[in-house]
Trainee: 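Structure provided below as structure tokens; questions to follow.
The chains referred to below are lettered A, B, ... by the order of the sequence lines, with proteins before strands, and numbering in each begins at 1.
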Amino acid sequence: MLTLEHFLTLSAIMFALGVIGVLTRRNAIIVFMSVELMLNSANLAFVAFATKLGDPIGQVFVFFVMAIAAAEAAVGLAIMIAVFRNKKTVNIDEINILKW
Amino acid sequence: MEFTLTDLTHLLPIVIVAASVLVAMTIDMFTKEADKTLGWFTALSLFAAAYVSLFFVDKTGVHLSGVVASGGATNILHFVFTFGAGVVALISMEYAKKTEMRVGEYYVLVLSSVLGMMLIAAAKDLAVIFVGLEQMSISFYALAGIRRKRDKSVEASLKYFLLGAFATGFVVYGMALIYGSSGTMALDTIRYAFPDLVSQPLFVLGLALFVIGFAFKIAAVPFHMWAPDVYQGSPTPVAGLMSTVGKAAAFAALLLIFRPVFDGAENALFPFLAIVATLSMLYGAIVAIAQDDLKRMLAYSSVAHAGYMLIGFASGEATGAAGVIYYLVAYAFMNLGAFGIIAMIESAEETNLKVQDYAGLGTRAPALAALLSLFMFALSGIPPLAGFFGKYYVFIAAVEGGATWLALVGVASSAISVYFYLRVVVVMYFGKSENRMEYSVSNVSLLGVTISAMLVILLGVLPGSIIKLIESFVR
């Protein structure tokens, strides 16, 4: 029997993997994929809580998150294309005129 | 869902800005790139929205099935966002012409980011905070990279995007945990259940993740690393917009979630807030000393200012909340003025940005030098200008809240920061000028900067009546 704890554990693991991905990977696209993993872990938590609470609001909010993640992806990938046209790379270690 | 005409009238500031986004897109189709119609349209509609938001300031209410609020502190913040962005639009016109920026997208994105900020400040529901936050942030990512042929601009844009999206991940996960532990997304329900909820670890963890996400947005140490790069690389008016009203919007979201704490609930995050505030104040002030680039210096100074404002949150007193709002207003106009002057002096190739480049400005452009000195004095917190009273109110709140040491750290950090602000003034009046720099002063930019200067002086001369006004709406 799957309980709320199972879902929360899975979502916490996904969130942690996302954070680790952002902090360790150097390719901008993979960093962005890790961010998407974080957002989806939150979606999983929302759906699990909504089912437990018997409340539809949490499930509806997931659609909000998905729609906004799509908008963010559109702008983010456009920015990456602009960077690639100028620098011929999207490795964040090589994008460093402004010092960190 | 109930939807009446009263809703629309009370939400008129939001409606004006939302309609302006659409009209601006239409105007862009019918005008040429060099045309200034769009700039004036943006500025005027923002000033109109600012005027209207003051009109409804004493009529509080909730609208649209209780997810959006109007009146009170919400409208004071709406005034700051729209008026500040209006000043940005004035500053942008000359800058856009000089740098051959694409103005169509630019003004539409400025308006759309302001709409996002207004939604955050009006939110009565976590979902509205999220939608507003993302509308503002996504517009900012694109604005930072609007000069897409320039390496610095797109680099700033990419860094802002990656770290901003990372922060969003924290905010959403925090919201999920808050929702799971409280069983609701409505801020009022959370507010009344808050004293019981703070004993649940899941709720406190959710709150902490939410605050960490917003600590990225306000650029507080240790979540500040994007700010110097982004402010330096973005077009100057955009950096002005992000560092002032954008930051104010993120603080507005924090004010909403901390509302129960200001009402007297236990401040579960006090150690976290106190540490972040201390680190931000000291790190920002000390590292700013070493900066030669003015925009980068102002970025580190904004990190320090985020620290001062966090003192207001750490104090957990109602006076702290009012102090933070006062500080936001004061900081927005001091910084906007400074960025406005930098935008005038900067050349199209992004030179003339070093402190040394300002040598001799005191004799060659006395008006600009005097205005920039005024903003530097205000930022460093010298009385009787706006910056001094902003700091005064948050420090007083810290003392009332029993965290006197935080106020002392704040005073020490202000003392350090006087050095790098006044260095600019000293270089302008006593420095030897080696290069004969070109700069373009337009009347419109000067108007924007002068409006900021007048507000900085006004806030400094009449702090008592303004703080009373804010306090009466915070309660």
Side-chain angles (χ1 to χ4, degrees), chain A residues 4 8 11-12 14-15 18-19 21-23 28 31-32 34-50 52-55 57-58 60-62 64-65 67-69 71-87 90 92 95-100, chain B residues 125-128 130-131 133-135 137-142 144-145 147-186 202 206 209 225-226 228-233 293 296:
Chain A
L4 178 66
L8 286 188
S11 99
M14 276 167 71
F15 186 76
V19 173
V22 172
L23 297 178
V31 172
F32 182 56
S34 307
V35 170
E36 292 289 311
L37 195 61
M38 289 166 71
L39 292 179
N40 282 319
S41 74
N43 282 349
L44 182 64
F46 262 111
V47 175
F49 281 128
K52 175 81 177 175
L53 295 164
D55 174 33
I57 291 178
V60 174
F61 186 68
V62 169
F64 279 67
V65 177
I68 283 169
E72 203 168 53
V75 171
L77 294 176
I79 292 170
M80 283 179 211
I81 289 171
V83 170
F84 188 80
R85 280 193 181 139
N86 288 350
K87 310 270 292 185
V90 286
I92 48 180
I95 301 169
N96 53 4
I97 329 170
L98 307 163
K99 48 184 194 296
W100 275 102
Chain B
D125 194 288
L126 288 175
V128 180
F130 176 65
V131 173
L133 172 72
E134 283 304 283
Q135 174 154 23
S137 302
I138 294 175
S139 308
F140 278 170
Y141 305 148
R147 297 182 71 185
R148 65 192 163 87
K149 295 274 162 56
R150 297 199 70 91
D151 284 352
K152 272 187 187 174
S153 185
V154 286
E155 180 177 334
S157 178
L158 181 70
K159 285 178 177 171
Y160 194 23
F161 167 70
L162 289 177
L163 284 163
F166 186 49
T168 303
F170 281 95
V171 172
V172 180
Y173 204 77
M175 282 181 181
L177 296 186
I178 291 173
Y179 171 69
S181 50
S182 68
T184 178
M185 302 276 281
L202 201 61
L209 286 173
M225 50 302 199
W226 58 272
D229 291 349
V230 171
Y231 292 178
Q232 188 187 357
D293 186 289
R296 211 174 166 84

Trainee: Sort F161(B) into side chain, backbone, both or neither according to what part of it lies under 4.5 angstrom from a heavy atom of chain A.
Mentor: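 Just its side chain gets close to chain A.
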Trainee: Is chain B contacted by the side chain of V65(A), its backbone, both, or neither, given a heavy-atom distance below 4.5 Å?
Mentor: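 Both the backbone and the side chain of V65(A) come within 4.5 Å of chain B.
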Trainee: Counting only non-hydrogen atoms closer than 4.5 Å, does L202(B) touch chain A with its backbone (N, CA, C, O), its side chain (CB onward), both, or neither?
Mentor: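 Side chain of L202(B) only, per the 4.5 Å heavy-atom cut-off to chain A.
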Trainee: Working to the nearest 0.5 angstrom, can you tell me the gap between M175(B) CE and F64(A) CZ?
Mentor: 11.5 Å
Trainee: So I92(A) and L158(B), side chain to side chain contact (heavy atoms under 4.5 Å, CB included) or not? Walk me through it.
Mentor: CA-CA 9 Å; I92(A) 48 180; L158(B) 181 70; 4.2 Å; yes
Trainee: Given the options A142(B), S157(B), G145(B), A144(B), which has more heavy-atom pairs under 4.5 Å with chain A than any of the others?
Mentor: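 That would be S157(B).
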Trainee: Please list, chain by chain and in numerical order, all residues satisfying ring pair (Phe, Tyr, Trp, His ring centres under 6.0 Å) with F61(A), sequence neighbours excluded.
Mentor: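 By the ring pair (Phe, Tyr, Trp, His ring centres under 6.0 Å) rule, F61(A) matches F46(A), F130(B).
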Trainee: Answer with side chain, backbone, both or neither: which region of A50(A) has an atom nearer than 4.5 Å to a non-hydrogen atom of chain B?
Mentor: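 Both backbone and side chain of A50(A) come within 4.5 Å of chain B.
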Trainee: Can you name the closest pair of heavy atoms from I68(A) and I138(B) and give their distance?
Mentor: O-CD1, 4.2 Å
Trainee: Answer with side chain, backbone, both or neither: which region of I81(A) has an atom nearer than 4.5 Å to a non-hydrogen atom of chain B?
Mentor: neither
Trainee: What pair of heavy atoms forms the shortest contact from T168(B) to E72(A), and how long is it?
Mentor: OG1-OE2, 4.0 Å
Trainee: Evaluate whether atom NZ of K52(A) has more than 12 neighbouring non-hydrogen atoms of other residues, nucleotides or ligands under 6.0 angstrom away.
Mentor: no
Trainee: Return the minimal non-hydrogen interatomic distance between L162(B) and V31(A), and the atom names on each side.
Mentor: CD2-CG1, 3.9 Å
Trainee: So which heavy atom on D55(A) is nearest to which on G183(B), and how close?
Mentor: OD2-O, 4.0 Å
Trainee: A12(A) versus chain B, heavy atoms under 4.5 Å apart: side chain, backbone, both or neither?
Mentor: both
Trainee: Rounded to the nearest 0.5 Å, what separates atom CG in L53(A) from atom OG1 in T184(B)?
Mentor: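 Those atoms lie 9.5 Å apart.
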Trainee: Check whether any side-chain N or O of N86(A) sits under 3.5 Å from a backbone N or O of R148(B) as a donor-acceptor pair, and report yes or no.
Mentor: yes
Trainee: For the candidates G164(B), A127(B), A176(B), G169(B), which exhibits the highest count of non-hydrogen atom pairs separated by less than 4.5 Å from chain A?
Mentor: A176(B)
Trainee: Find the one option among S34(A), G18(A), S41(A) whose heavy-atom pairs under 4.5 Å with chain B are most numerous.
Mentor: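 Most heavy-atom pairs under 4.5 Å with chain B: S41(A).
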Trainee: I need the minimum non-hydrogen distance between Y179(B) and G58(A), along with the two atoms involved.
Mentor: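 The answer is OH-N, 3.2 Å.
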Trainee: I need the minimum non-hydrogen distance between Y173(B) and A45(A), along with the two atoms involved.
Mentor: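 In this case the closest contact between Y173(B) and A45(A) is CE1-CB, 4.5 Å.
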Trainee: Is chain B contacted by the side chain of V19(A), its backbone, both, or neither, given a heavy-atom distance below 4.5 Å?
Mentor: both
Trainee: Residues two or more places apart in sequence or in another chain: which of them pass ring pair (Phe, Tyr, Trp, His ring centres under 6.0 Å) with F140(B)?
Mentor: none
Trainee: Based on non-hydrogen pairs under 4.5 Å, which of L177(B), V154(B), V171(B), L126(B) is most in contact with chain A?
Mentor: V154(B)
